[in-house]
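Labels below follow one simple rule: chain letters A, B, ... track the order of the sequence lines, proteins then strands, and each chain is numbered from 1. Side chains included, hydrogens not; waters and symmetry mates left out as well; all remaining heavy atoms used.
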2 protein chains.
Amino acid sequence: MTFADTTGKLARPALSVELTDRVRELIMEGELKEGHKVPERYLTERFGVSRTPLREAIKVLAHEGFVVLVPNRGAVVAPQSLDEIEEILPIVGALEGLAGELAAQHASDADIRNISRLTDRLREAFEARDRPTYFQINQSIHAAIIQAAGNPALLRNHATFARRIYRARYQANLSESRWKEATEEHEKIAEALAARDAKGLGELLREHLSHKMRSIRSALK
Amino acid sequence: MTFADTTGKLARPALSVELTDRVRELIMEGELKEGHKVPERYLTERFGVSRTPLREAIKVLAHEGFVVLVPNRGAVVAPQSLDEIEEILPIVGALEGLAGELAAQHASDADIRNISRLTDRLREAFEARDRPTYFQINQSIHAAIIQAAGNPALLRNHATFARRIYRARYQANLSESRWKEATEEHEKIAEALAARDAKGLGELLREHLSHKMRSIRSALK
DNA sequence: TGACTGAATTATGAATTCATTATTCATTTA
DNA sequence: TAAATGAATAATGAATTCATAATTCAGTCA
């Protein structure tokens, strides 16, 4: 007997899994505000479920770091302090650095072309000073590199951490000079990938994220 | 109103948190065998709890990757294939590399002396060809470096991944030549830390783990 | 007024119950 | 005999119930 699911559709996922994603979105979108309690009753009514699967979801979100459990007082949305970001962003950097090394080894030529093309568009968005487009392409590039690494556990773990600093990473205003520098770093990243320079790409990505950290730090202070 | 807990003892942690640790131990010790179902009924009776907190624990373990949820068929202990290890160990390497960089910056002088002393004892255990002691000290050194990094999120995340490959990492027999090499690497690691060479230490740790991966791969093939 | 007390209310943590889905196993049929 | 059927059994997912802890709030007293 095997669990292989050739249809992929007959059994729908457990409610708690669905709820984990939905509640996480509420936190990321800021509807559930940091420092506030997670309103169990409201959420069960909103999603039309009982407390059991919701509480399972909250346990998982606590493990991801989105909420903090307080014994006998439920869960509180974890605050997004600068300290939090200083903790998380270096981890994202280490993971993206590894992703770069793996991507340099495992990426398909199509992956590389795709990232190269995205990098060209990133440059165009910078030249046009089009921030929303820039951020969106930037995000696509980082996602594509993680994807190209071909390591599912890395992909999942990165996603968890990246989501926690999503706003800081993509909504922090960056200075003109840092913006230019970041664009140039992305071009070097695309080159290292095309050259399949694993070590170099890993190093470039770690530095890129480290610069990003510096930029956020100065913006928030 | 604040949640500060000056006593740290009055409220005991939720059952589900306790159960997460207990069940994880059962998996790590091999009592719950990979590929087998997680026996809900047996575990509730063994621990004297109801299914509710146990199932919350299982959800968290699924998120950690120790078990896999199968809709309407409960949870299965995740297999420890070579593929799994090939996925996880590089992530541990990236995290330890970061830990090294941070430790080089933030470690106290006492931390450094402690790790240096442990490294001396590691050398002695190698000279005596005392594998159990070597493995135990080895583990202490890696744990001390992560600790010294002073990043709680990194500590937690590393622990989760490290536990998943615990057996492979510390019980895989290593060859005489690799053993010698690993011991020497540890001495370089201690030196780089003493010199507070962040980049160098990060690089050394990433390489150390990468060699470990190679050693496990050849042992399991 | 303003801090304190304690009953009423509410929320939480956990056990239990219930509906649904999977599994087992005896029986039938080719 | 071997495969197929379907009733009986067991396990799962989710809702509900229950005991306990926290919070609120009216009343008391300085």
Which nucleotide sits closest to the side chain of B:P53: D:dA14, D:dG13, C:dA14? C:dA14
It should be established whether B:K37 places a side-chain nitrogen or oxygen under 4.0 Å from OP1 or OP2 of nucleotide D:dT12. yes
Just the rounded figure in Å: distance from P of D:dA14 to CG of B:L69. 11 Å
Within this structure, what is the CG-to-C1' distance between A:L43 and D:dA14, rounded to whole angstrom? 17 Å
From the candidates D:dA15, C:dA15, D:dT17, the one with an atom nearest any side-chain atom of B:S50 is C:dA15
A:E40 atom CD is separated from C:dG13 atom C1', nearest whole Å, by 9 Å
Do B:K212 and B:V92 touch side chain to side chain, with heavy atoms closer than 4.5 Å? no
Does the D:dA15 base have a donor-acceptor partner in the side chain of A:T52 within less than 3.5 Å? yes
Over all strands shown, is A:R41 touching base, sugar-phosphate only, or nothing at heavy-atom distances under 4.0 angstrom? sugar-phosphate
Phosphate contact (D:dT23 OP1 or OP2) by A:R73 side-chain N/O below 4.0 Å: yes
Could you check whether A:E185 pairs with A:R178 (Lys NZ or Arg NE/NH1/NH2 to Asp/Glu carboxylate O, under 4.0 Å)? yes
So, does A:Q80 use its side chain to make a donor-acceptor pair with the main chain of A:R164 at under 3.5 Å? yes
Please report the distance, rounded to the nearest Å, between CG in B:L54 and P in C:dG13. 17 Å
When rounded to whole Å, the CG to C1' distance for the pair A:L15 and C:dA19 reads 14 Å
Pairing residues for B:E18 by the salt bridge (Lys or Arg N to Asp or Glu O under 4.0 Å) criterion, not counting sequence neighbours: none
A:N72 has its side chain closest, among D:dA14, D:dA21, D:dT17, to D:dA21
For B:R206, is there an ion pair with B:E203 - N to carboxylate O distance below 4.0 angstrom? yes
Does a side-chain N or O of B:R55 approach OP1 or OP2 of D:dG13 to a distance below 4.0 Å, or not? yes
Starting at CD1 of B:I58 and ending at P of D:dA11, how long is that distance when rounded to a whole Å? 14 Å
From CD of A:E56 across to C1' of C:dT12 the rounded distance in Å is 16 Å
Separation of D:dA14 atom P from A:E18 atom CD, nearest Å, is 10 Å
